[in-house]
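Just so we're clear, the structure is a prediction, and the values are computed from it rather than from any experiment. Side chains are part of it too, since the values below use all heavy atoms of this structure and drop only hydrogens, waters and symmetry mates. Throughout, a chain's letter reflects where its sequence line sits, starting with A, and its residues are numbered from 1.
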Amino acid sequence: MNLAVKAPRRQRGNSRAAESFPQPTARPQPAALLAWYDRHRRRLPWRAAPGKRSDPYRVWLSEIMLQQTTVKAVAPYYARFLARWPDVRALAAAPLDEVLKGWAGLGYYSRARNLHACACAVVARHGGIFPSDEAALRALPGIGGYTAAAIAAIAYDAAVVPVDGNVERVIARLYAVETPLPAAKRDIGQLARGFRPQNRAGDFAQALMDLGATICTPKRPACSLCPWRGGCVAQARGEAEAFPRRTPKREGALRRGAAFVARRTDGYLLLRTRPPRGLLGGMTEVPTNAWTVDFEAADALKDAPRFSRNVSGKKDIAWRRVPGIVRHVFTHFPLELVVYAAEIPTNAQPPKGARWVALDAIAEEALPSLMRKVIAHGLGL
DNA sequence: AATCCGTGGTC
DNA sequence: TGACCAAGGAT
């Protein structure tokens, strides 16, 4: 192997990282955290009983659901998924649409698409067994650096430290890291690696995350209860809450648009499926126009769905503007939709790409929360 | 590197 | 009420 042509190693090793940050007076000990964890570990649906081995499928499923999502929001979804698809082969065998329906309301729908793709890949590439090493996990759809480390540590007890938002906060406070996130991710990851445990790696990983979730919280951290209190620079300064620093993210411009709630007189609703990628990709929606910054309400009806005119004479559909506005906030822009509603004759054929769905059945559709709000508004619920 | 990608809870 | 942000990943 020709080492000479390799690029020089980036100078961000332990030594430099250690010199760059204020050192805690007493270095936090993994044993102290594990002892705290043994007393205060949270009982979570996906967490194995103490001393029991975790099922990699359950660890993976929970970790994907928990990405940018709270424990409380995930719990019912996790229970439903596990009951319906108890192992990776069952999930791989499910139609993607069923997975999207099950995911509806959880958000970040690319996670659901990747979840299904990952299940298929585990079956195809790994014989239905999740790999145990980070690199192989990292190569699977929807599994990034954090999730690969989390699965390796929690399911296989690999000596790695997954760094999620909780761990970033804990580390940033321990060392009073001045670099704001997300630029500080590399440095924080390096510092976290310094805590790589000799044993009980899975417990240590979960302990670190529990610490961030219950003690080292974003607001009003309970420092007096922290097992690592003595080793925390930010707490020693009385500034724990000021970390981690963050660069403010600039907000997206308000977009507006119109949505059309077409109700057939015999109790059907006009729905369609969004394109497979992008915003709300693959999910169900009522017909809408394009959501734009310069939306003109006066032009909204130009984009209303059109029905074949050989039904019910040539009379135009009587769209009525439903009073009020549906507001919704996406990660990168706020949205305001005006809603139009109409009663459509029973024999009207749906426009191309759309379909009639019984009102009784819309609860099982892959409807994102925004569309549930729109439908409720348009139906006067 | 910067953007895109949901939703609901909290204070 | 509105800003913050949660067990991030893909491009």
Side-chain angles (χ1 to χ4, degrees), chain A residues 42 44-47 54 58-78 100 103-115 117-118 137-155 160-170 181-183 185-186 188-189 192 202 204-214 216-221 241 244-255 274-283 285 327-335 366-373:
Chain A
R42 291 191 293 171
L44 301 173
W46 41 86
R47 192 168 274 182
S54 299
R58 301 186 186 203
V59 174
W60 164 72
L61 178 61
S62 66
E63 289 298 341
I64 300 299
M65 287 185 166
L66 286 162
Q67 289 168 5
Q68 299 290 284
T69 310
T70 57
V71 164
K72 183 178 181 182
V74 164
Y77 285 85
Y78 175 81
L100 289 177
W103 200 275
L106 248 198
Y108 285 133
Y109 298 100
S110 67
R111 290 185 297 170
R113 288 180 259 129
N114 284 330
L115 185 84
C118 184
L137 287 164
R138 181 73 177 74
L140 292 164
I143 297 183
Y146 161 74
T147 304
I151 296 172
I154 298 170
V160 295
V161 182
V163 180
D164 70 336
N166 287 309
V167 179
E168 284 178 349
R169 187 169 56 253
V170 170
L181 284 172
K185 279 179 180 294
R186 188 192 303 277
I188 290 175
F204 183 77
Q206 295 176 92
L208 213 39
M209 291 189 275
D210 272 15
L211 186 70
T214 64
C216 197
T217 51
K219 303 296 180 188
R220 298 178 58 84
E241 196 171 329
R245 313 288 198 204
R246 287 183 191 276
T247 54
K249 40 181 156 296
R250 68 174 201 279
E251 54 205 70
L254 171 67
R255 300 184 204 180
R274 293 178 62 86
R277 301 181 198 288
L279 185 66
L280 306 177
M283 302 297 286
E285 67 172 2
R327 291 185 170 80
H328 194 77
V329 180
F330 291 105
T331 305
H332 51 301
F333 68 92
L335 175 68
L367 284 168
S369 294
L370 165 64
M371 288 301 154
R372 293 181 188 274
K373 285 198 281 187

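R250(A) comes within 4.0 angstrom of the backbone, heavy atoms only, and of no base. Within the nucleic acid shown, V167(A) has no heavy atom closer than 4.0 Å to any nucleic acid atom. Residue contacts shown for G281(A) are absent, as no nucleic acid heavy atom lies under 4.0 Å away. In this structure, L106(A) reaches the bases: a heavy-atom distance under 4.0 Å links it to at least one base atom across the strands shown.
Atom name P, nucleotides dT3(B) and dA7(C): the rounded distance is 25 Å, in whole Å.
Every residue two or more places apart in sequence or in another chain was checked for a salt bridge (Lys or Arg N to Asp or Glu O under 4.0 Å) with E63(A), and none qualifies. Considering only residues two or more places apart in sequence or on other chains, F330(A) meets the ring-ring contact (aromatic ring centres under 6.0 Å, His included) condition with H328(A), F333(A). Every residue two or more places apart in sequence or in another chain was checked for a salt bridge (Lys or Arg N to Asp or Glu O under 4.0 Å) with R113(A), and none qualifies. Remark: T70(A) engages no residue in a side-chain hydrogen bond (donor to acceptor under 3.5 Å, both in side chains) (not counting sequence neighbours). Residues satisfying the salt bridge (Lys or Arg N to Asp or Glu O under 4.0 Å) criterion with R274(A), sequence neighbours excluded, are E285(A). R47(A) pairs by the salt bridge (Lys or Arg N to Asp or Glu O under 4.0 Å) definition with D210(A), not counting sequence neighbours. For N166(A), the side-chain hydrogen bond (donor to acceptor under 3.5 Å, both in side chains) test picks out D164(A), R169(A), with sequence neighbours left out.
Between chain A and DNA chain B, the heavy-atom contact criterion of under 4.0 Å yields a 5' to 3' nucleotide range of dT3(B) to dG8(B).
Where Y109(A) and K72(A) meet DNA chain B, the nucleotide closest to each residue was compared, and Y109(A) sits on the side nearer the 5' end.
The residue from L279(A), L335(A), V329(A) that alone fulfils the side chain to side chain contact (heavy atoms under 4.5 Å, CB included) condition with L370(A) is L335(A).
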I'd like to compare against my own output: the B/S/- annotation of nucleotides 5-11 of chain C with a strict under-4.0 Å heavy-atom distance to protein. SBBBSS-
